[in-house]
2 protein chains.
Amino acid sequence: MKSVAPIPGRPVRGSSTGRPIMAALDLFGRRGLLRILWELRGEAPLTFRALASAAELPPGTLNVRLKELKAAGLLVTEAGYGLTPMGRDLLAALEPLVLWSEAWAKAVPPADA
Amino acid sequence: MKSVAPIPGRPVRGSSTGRPIMAALDLFGRRGLLRILWELRGEAPLTFRALASAAELPPGTLNVRLKELKAAGLLVTEAGYGLTPMGRDLLAALEPLVLWSEAWAKAVPPADA
DNA sequence: CGTCATTGCTATGAAAAGTGTAGCGCCCAT
DNA sequence: ATGGGCGCTACACTTTTCATAGCAATGACG
């Protein structure tokens, strides 16, 4: 675990420009990260273990992601793990995506076994 | 490289429900995938090599992602690689995220060296 | 006090995914 | 036929992720 958390304004994995969208895309491309955000959508903070269980992530990975999210200013620890206002904004910005995924589900052939 | 592409309607990595949003979150969590989408935002299709260069991905990884995107019905190959209407919809759904990332960039402390 | 449950989190070893480079076979223009 | 671009594969290596075990701390209960 040695790569650093992507922060806008400086180089990130896969892009040397540091443009905000690049930092964001790098951040989101980390496994389970979006899922964690998603599971944190409720009002009440979650415990480490509850989060691990909800997001179906092993503790090691979860812990790395939590650090990245904290570094990105999207997460705080107070009576468990919860989102910052910025984190909540992100969640809101993700809303169209939820809609899209439903349309997608209808459009993609079941591709059954 | 053996995990299958996430398709809504059946179990994906990190979720056994197959709910659309879970399939989407799994898909997006794959390194470089969102970036590829992003680089494909122009009207003209890109060649494999142009895409590899733009997305800064090695050919092996790129090829895996392309297969996943095709399986998800978001990508087609015709005179290069381009997005399907569904893929374009996704890109549109990603738009708020671009806005968010800019606000984020302003809010996150430069965290300079 | 002991003990029991639950907490956040670290350790470990193995498997999977991603990286960077080289280069193949193909096609087309010269 | 030589040179260039193409899509893509092969290789050997590094990084990431996984699953499980388990530890130190905390708080309740008796």
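Just so we're on the same page: letters track the sequence lines, and every chain starts at 1. When reading the values below, keep in mind they use all heavy atoms of this one structure, side chains included, and skip hydrogens, waters and symmetry mates.
In this structure, the nucleotide among C/dA11, C/dT21, D/dG7 sitting nearest to the side chain of A/P59 is C/dA11. Listed nucleotides: C/dT21, D/dC6, C/dA17. Nearest to the side chain of B/R49: D/dC6. Candidate nucleotides D/dC18, C/dA22, D/dG7 were compared by shortest atom distance to the side chain of B/T47, and D/dG7 ranks first. When the nucleotides C/dG8, C/dG20, C/dA17 are ranked by their closest atom to the side chain of B/R65, C/dA17 comes out on top. Relative to the side chain of B/K67, the nucleotides C/dT7, D/dC18, D/dT9 differ in distance, and D/dT9 lies closest. Of the listed nucleotides (C/dG8, D/dC18, C/dT19), C/dT19 has the atom at the smallest distance from the side chain of B/P58.
One interatomic measurement links the two molecules: CG of A/L51 to C1' of C/dT7, which rounds to 14 Å at whole-angstrom precision. With rounding to whole Å, B/D26 atom CG is found 11 Å from C/dA17 atom P. Rounding to whole angstrom units, CD of residue B/E56 and C1' of C/dG18 are separated by 15 Å. In this structure, A/E68 places its CD atom 8 Å from P of D/dT17, rounding to the nearest Å. Nucleotide C/dT10 holds its P atom 10 Å from the CG atom of A/L66, rounded to whole Å. For the pair A/L46 CG and C/dG8 C1', the computed distance is 14 Å after rounding to whole Å. Rounded to an integer number of Å, the gap from A/L62 CG to D/dT16 P is 17 Å. Rounding to whole angstrom units, CZ of residue B/F48 and P of C/dG25 are separated by 18 Å.
In this structure, B/R35 forms no cation-pi arrangement with B/W38, as its terminal cationic atom is not both closer than 6.0 Å to the ring centre and no more than 45° off the ring axis.
Not one side-chain nitrogen or oxygen of A/N63 sits closer than 4.0 Å to the OP1 or OP2 atom of C/dG8. Dashed line: the shortest gap from a side-chain N or O of B/R31 to OP1 or OP2 of D/dT15 is not under 4.0 Å. Put simply, A/R13 has no side-chain N or O that comes within less than 4.0 Å of OP1 or OP2 on C/dT19. OP1 and OP2 of D/dT17 both lie 4.0 Å or more from every side-chain N or O belonging to A/T61.
Linking Ile, Leu, Val, Met, Phe, Trp and Tyr residues whenever their side-chain heavy atoms come within less than 4.5 Å places A/L46 and A/L74 in a single cluster. Following chains of ILVMFWY side-chain contacts shorter than 4.5 Å, one cannot reach B/V76 starting from B/L27, and the two form parts of different hydrophobic clusters.
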Expected list for residues 94-103 of chain A: side-chain donor-acceptor pairs under 3.5 angstrom, two or more places apart:
from   : atom 1 : to    : atom 2 : distance (Å)
A/W100 : NE1    : B/M86 : O      : 3.3
A/S101 : OG     : A/V98 : O      : 2.7

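Of the possible polar contacts, one joining the A/T47 side chain to the A/A50 backbone as a donor-acceptor pair under 3.5 Å is found.
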